[in-house]
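Have a look at the structure below before the remarks.
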Number of protein chains: 2
Amino acid sequence: MTTRKEKIAGDLDRQFAEMGFAEQGVEALRAGADVSLRTLYKYFPSREAMVVGALEHRDKSYFDWLAGGPESGIEHVLHPIVRLGDWLREVANTGCLFLNALAEHPDSAAIRETVLDHKARLADEFRIRLQTIAPDKDVERIAETLFLLHEGMTQTARLHGRDRATEAALRAAKAALAAEGIA
Amino acid sequence: MTTRKEKIAGDLDRQFAEMGFAEQGVEALRAGADVSLRTLYKYFPSREAMVVGALEHRDKSYFDWLAGGPESGIEHVLHPIVRLGDWLREVANTGCLFLNALAEHPDSAAIRETVLDHKARLADEFRIRLQTIAPDKDVERIAETLFLLHEGMTQTARLHGRDRATEAALRAAKAALAAEGIA
DNA sequence: ACATGGGTAGAGCGATCATTCTACTTTTCT
DNA sequence: AGAAAAGTAGAATGATCGCTCTACCCATGT
């Protein structure tokens, strides 16, 4: 079951993603979530808390999105990049919500922490998957490369189109894995 | 010789880079550029024009920064990525000013155009360099990969540190070139 | 000498911002 | 049924925003 707070957080996520952070005043957020100002402030007592709430919602959504997929082989490792391609095609393609938030609020400690936490967990995702299929390799180093490709793909997609970006990232990932002796 | 407008644009660039776009009101920009409000508005008749001016200044700075370097071989192609590493170490490491601006002003046509123009020219930079050393290869496709690595490196640097990001990008670039038969 | 162009300082304007508050209604639980 | 909790609408507040305007200053060139 989803609580009211979670529902509102989802609405905030969607609105920040569609319209950016700067252009969305609290009144617009309220209208988009279809709640009263009082209720909105009850769950998210400041605009900063609304941003953090939206990011936490997006964090959950995205890791849910990555769940499943091949359990072994190189596909297991590449799966997050493939799923990012699906996300860009099916959900949204407006850059990284976390990095956009960081760009907009560079001196909010709470937002910064939420972003860094999400990105650290994403890097872990690649490490864990690599550890599963190639524990004898330099997992740390290869995971860093895959993480970099994931970030680059997100940004390139909004500039050059999703499909070109997805293809480039997957090709580069395979080349990087091959160079490390992972086929 | 640098005109007054160019000097102010440089100040705007620096301020947006250091403090982000959202937190900088026009009065703060004025103070940072050490001019009067009237003069600032004379050269940049709106806040949007100030953002565009800063981006155009950054565009020039960055392509100047990429100039020079090895004239042949794989180093010629990798040079922009090496120089990005220098930039992140010596100049600033706060993500991409252009993408940050786009995140902050998603529905300003002028800003969007300035950003897309810069990124298109950056992609061209890789194409031209590839054309020089490997005109028989699929320049378009390989350039896309290098562009993606450049973008990913910029974002990864502020999350995981410049040096790790630089190493990962260079390694991935070499692997991608090797996979295409460019040594 | 003095007009002119380009500069300064900073007050003022209307709009919008995040946030709080009052007053009322609906839902939920016992 | 009735109390308590949780919702609604939306006005009010004070701060800040982008931007304009007035009034004055100081170089420079003929």
Side-chain angles (χ1 to χ4, degrees), chain A residues 1-16 18-57 100-112 114, chain B residues 1-16 18-57 100-112 114:
Chain A
M1 93 169 200
T2 57
T3 66
R4 190 132 147 90
K5 179 170 180 179
E6 284 165 354
K7 185 223 168 273
I8 297 176
D11 289 332
L12 295 174
D13 175 344
R14 177 177 42 76
Q15 288 190 86
F16 284 132
E18 282 175 9
M19 331 260 254
F21 287 90
E23 322 266 349
Q24 289 290 350
V26 172
E27 166 57 25
L29 294 170
R30 181 212 64 77
D34 199 33
V35 289
S36 72
L37 213 45
R38 188 181 177 80
T39 303
L40 180 59
Y41 269 97
K42 176 182 177 184
Y43 291 117
F44 304 98
S46 70
R47 188 176 198 282
E48 182 185 44
M50 296 171 203
V51 173
V52 170
L55 293 179
E56 287 173 344
H57 179 270
N100 288 354
L102 200 54
E104 202 97 9
H105 302 281
D107 43 52
S108 158
I111 292 172
R112 167 165 289 272
T114 307
Chain B
M1 95 172 197
T2 58
T3 66
R4 190 131 143 88
K5 179 172 180 177
E6 284 165 353
K7 184 220 167 276
I8 298 176
D11 288 332
L12 295 174
D13 175 345
R14 177 178 41 77
Q15 287 190 85
F16 284 131
E18 282 175 9
M19 332 260 252
F21 288 89
E23 323 266 347
Q24 288 290 351
V26 172
E27 166 55 27
L29 294 169
R30 182 210 64 78
D34 200 32
V35 289
S36 72
L37 212 44
R38 188 180 179 77
T39 303
L40 180 59
Y41 270 97
K42 176 182 176 183
Y43 292 118
F44 304 98
S46 69
R47 189 178 196 279
E48 183 184 43
M50 295 171 205
V51 172
V52 171
L55 293 180
E56 288 174 344
H57 179 269
N100 288 353
L102 200 54
E104 201 97 10
H105 302 282
D107 43 52
S108 158
I111 292 171
R112 167 164 289 270
T114 307

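Keep in mind it's a predicted model, so treat the numbers as computed, not measured. So that the names make sense, note that chain A is the first sequence line, chain B the second, and so on, each numbered from 1.
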Query raised in the report: Quick one: CZ on B/R14 to NE2 on B/H57, what's the gap to the nearest 0.5 Å?
Result: 10.0 Å
Query raised in the report: Looking at OH of A/Y43 and CD of A/E6, how far apart are the two atoms once the value is rounded to the nearest 0.5 Å?
Result: 11.0 Å
Requested in this report: Could you walk me through whether A/E104 and A/V51 pass side-chain contact (heavy atoms from CB on, under 4.5 Å), step by step?
Outcome: CA-CA 10 Å; A/E104 202 97 9; A/V51 173; over 6 Å; no
Query raised in the report: Does any N or O in the side chain of A/Q24 come within less than 3.5 Å of the main-chain N or O of A/F16, such that one atom is a donor and the other an acceptor?
Result: no
**Report entry** Plane angle bin for A/H105 and A/F21 - parallel if under 30°, tilted between 30 and 60°, otherwise perpendicular
**Finding:** perpendicular
Query - Gap between atoms NZ and C1', on A/K7 and D/dG7 respectively (whole Å) - result: 14 Å
Report task. Enter the distance from A/I8:CD1 to A/L29:CG here, rounded to the nearest 0.5 Å. Result -> 11.0 Å
Query raised in the report: Could you state the CG-C1' distance from A/L29 to C/dT16, rounded to the nearest angstrom?
Result: 14 Å
Protein-nucleotides 15-18 of chain D N/O pairs under 3.5 Å:
residue, atom, partner, partner atom, Å
D/dG18, OP1, B/R47, NE, 2.7
D/dG18, OP2, B/V26, N, 2.8

Query raised in the report: With the sugar-phosphate defined as primed atoms, P, OP1 and OP2, and the base as all remaining atoms, what B/S/- string results for nucleotides 4-11 of chain C, 5' to 3', for protein heavy atoms under 4.0 Å?
Result: --SSB---
Requested in this report: Please round to the nearest 0.5 Å and tell me the distance separating atom CD of A/E18 and atom CG of A/D13.
Outcome: 9.5 Å
Requested in this report: Output the distance between atom CG (A/D11) and atom CZ (A/R30), rounded to the nearest 0.5 Å.
Outcome: 12.0 Å
